Visitor: 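Take a look at this one; I'll ask things after.
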Amino acid sequence: MTGKHRRETESMANQKLQQWVDEVSACTGADSVYWCDGSEEEIERLNQMMVEDGTLVRLDPEKHPNSFYARSDVNDVARVEDRTFICAATLDDAGPTNNWMAPDQMHAVIDPLFEGCMQGRTMYVIPYLMGPPGSPMAKVGIEITDSPYVVANMRIMTRMGQVALDELGDEGDFGKGLHSTGNLDPEQRYICHFPDENLIMSFSSNYGGNALLGKKCFALRLASVLANREGWLAEHMLILGLTDPEGNKTYVAAAFPSACGKTNLAMLVPPESFTAAGWRVETIGDDIAWLKFGDDGRLYAINPEFGFFGVAPGTSQETNPNALASCRANTLFTNVALLPDNTIWWEGLGDPPPEATDWKGNPWTPESDIPAAHPNSRFTAPAEQCPCISPDWESPQGVPISAIVFGGRRTSTTPLVYQARSWQHGTYVGATMTSEKTAAAVGGLGELRHDPMAMLPFCGYHMADYWQHWLDVGETGGEKMPTVFHVNWFRRDAEGNWLWPGFGENMRVLKWIVDRAAGGGDAVDSPIGWLPTPEAVGFEELGLADEVAATLLDVDIGEWLAEVRERGEYLAGFGEKLPEAIASENDALLQRLELSGQDKDQE
Ligand code: O2Y
Ligand code: MN
């Protein structure tokens, strides 16, 4: 073995890791191999190198200390779901919601792309830890990449370097992630998962979830497969903690499809009346939760990540001051607009600047009829910088979850909030979620699509098996399972105006959720589940017009009958694997709606 392949420091004795690094180095033909240690000195050196070669711009050190700006290739701006594959042993293992190719077949396509692809480049080996050090839930991953920009992002998003090698030890196993920038040709872009090899291979994209392999690829797609085998849950969920005026803490996990406001909800600033009364909201995570049973039989959650990869447009002092504070320093901004004084701007941040350079590198003024920042532009910021980060966010055993909230972006039909009748009903509610598509993934903006548990792009196995897993976990947890809810902040009137103010006012809904999870809170029964009374969600205090309040909590029988029939067709598409419990929940809902419709006709 040549010196370029060997790690210099003394503590790397994991032979499986060394062997894999040697194999990849030989295959990719990298000029040199660099093991990332995660130190300050290292990242300063890499950032400076990227400033010098034009990959990064150093931002104004007063306004954005130790922060940088990057532009991605114009064809590489979002996750690419149509080029993301689950290469499980059989099509049936991957299921109808994933792109599938047999492992051998995909290896025959993707392995040759890696041959010699790092010639003239440095190969970076990134040991990273998902989860708090010392947590029984934490897992080690190794990403090999030829992109220093990916290294810089991974250093913010994960606990990187020696801390991960220490957790790995000499014999430990790790998730493998092999990434190369390739030539960024979209035709050669592949994001492939091989669950049986605990391996991710990503080629020809440097963007976000396509390239930061600890995030969606490892912490969701591969982890969901592991979770199914081992009896836990890997979910696309934020985690937040609410403290009531008596000091009682309630932890809530919430699943929303991509770019539907998870970061905003995770960092919610309560209305003044709530703060004055003594309520507090704290963030544990904004995107991913791993949930396992604790010794007391309850579900406990950790945030496996170390940073936020937040959507920039729309983030402002008004909408999310905590996110803005999180990205004031030590942050990497990608595809936002760059101002002449080396500060940054995006749509929704505040008044437009007189001039800027847009995300494509072109001159921009407020008269330009295109956005200055890409709609999926991002900030990569350390979680510990969030002013409302919870003191429990790195708790090794996680936080006990009392409520699980599903949500979608729905212009009509779905009320502001309702509570499922049971864990089984809640699983059905999650399984049949639909939402309008956003800019987080390429294609189809605004289109309504099914996004079960907000996991459509992230579930690493057959979706119907995943629902069965949820039902099985519910059997295990019994009475101690969290209460399940569904919310919709996005209802509009006939003119297209939002009916609900959202943001901090969502606290009113959270308070009802907390009350219900504790067995209190006023509610009325409805065919779809329990609805709050208008008083229980503070409509009066908000001064909502009567018809707005009524629409927000309305269950229109005709709309819901159409919804349930469409759900029935969707569920039938899962064939024999569809759990009987899910099918029967749909039938039961149909019956309740029909009965309620008859009652209304007779009134
Ligand atoms: O990863 C990307 O390229 C953007 S999408 C994203 C980023 C952070 C958190 N969640 C998502 C998502 O798509 O759910
Ligand atoms: Mn996400």
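Each ligand, and each atom within it, is numbered from 1 in the order the structure gives. In this text, all values refer to a predicted model and were calculated from it rather than measured experimentally.
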Visitor: Please name the atom of Asp287, restricted to N, O or S, that is closest to the Mn ion (ligand 2).
Guide: OD1
Visitor: For ligand 1, which atoms, with element, lie under 4.0 Å from some heavy atom of Gly209?
Guide: 1 (O), 2 (C), 3 (O)
Visitor: How does Asn376 reach ligand 1, if at all, at less than 4.0 Å between non-hydrogen atoms: by side chain, backbone, both, or neither?
Guide: side chain
Visitor: Can Asn210 and Ser205 be counted as having a side-chain donor-acceptor contact under 3.5 angstrom?
Guide: yes
Visitor: Any idea which atoms of ligand 1 are less than 4.0 Å away from a heavy-atom of Tyr207?
Guide: 3 (O)
Visitor: With atoms numbered from 1 as shown, which atoms in ligand 1 lie under 4.0 angstrom from a non-hydrogen atom of Ser258?
Guide: 12 (C), 13 (O), 14 (O)
Visitor: For the ring pair Phe333 and His64, is the centre-to-centre distance below 6.0 Å?
Guide: yes
Visitor: Pairs in or reaching into residues 301-323: which pass salt bridge (Lys or Arg N to Asp or Glu O under 4.0 Å), with residues at least two apart or in two chains?
Guide: Lys215-Glu305
Visitor: Compute the centroid of each ring, for Trp359 and then for Trp364, and state whether the two points are separated by less than 6.0 Å.
Guide: no
Visitor: Going by the atom numbers of ligand 1, which of them fall below 4.0 Å from some non-hydrogen atom of Phe458?
Guide: 12 (C), 13 (O), 14 (O)
Visitor: Would Arg378 count as a contact of ligand 1 if the rule is a heavy atom under 4.0 Å away?
Guide: yes
Visitor: With atoms numbered from 1 as shown, which atoms in ligand 1 lie under 4.0 angstrom from a non-hydrogen atom of Asp287?
Guide: 9 (C), 10 (N)
Visitor: Apply side-chain contact (heavy atoms from CB on, under 4.5 Å) to Asn362 and list each qualifying residue two or more places apart in sequence or on a separate chain.
Guide: Asp358, Lys360
Visitor: Between His236 and ligand 1, which part of the residue brings a heavy atom under 4.0 Å of the ligand: side chain, backbone, both or neither?
Guide: side chain
Visitor: Looking at the Mn ion (ligand 2), is there an N, O or S atom belonging to Lys216 that lies under 2.8 Å away from it?
Guide: yes
Visitor: Parallel, tilted or perpendicular, judged at 30° and 60°: which one describes the rings of Trp489 and Phe256?
Guide: tilted
Visitor: Here's a test for you: under ring-ring contact (aromatic ring centres under 6.0 Å, His included), which of Trp470, Phe293, Trp290 qualifies with Trp232?
Guide: Trp290
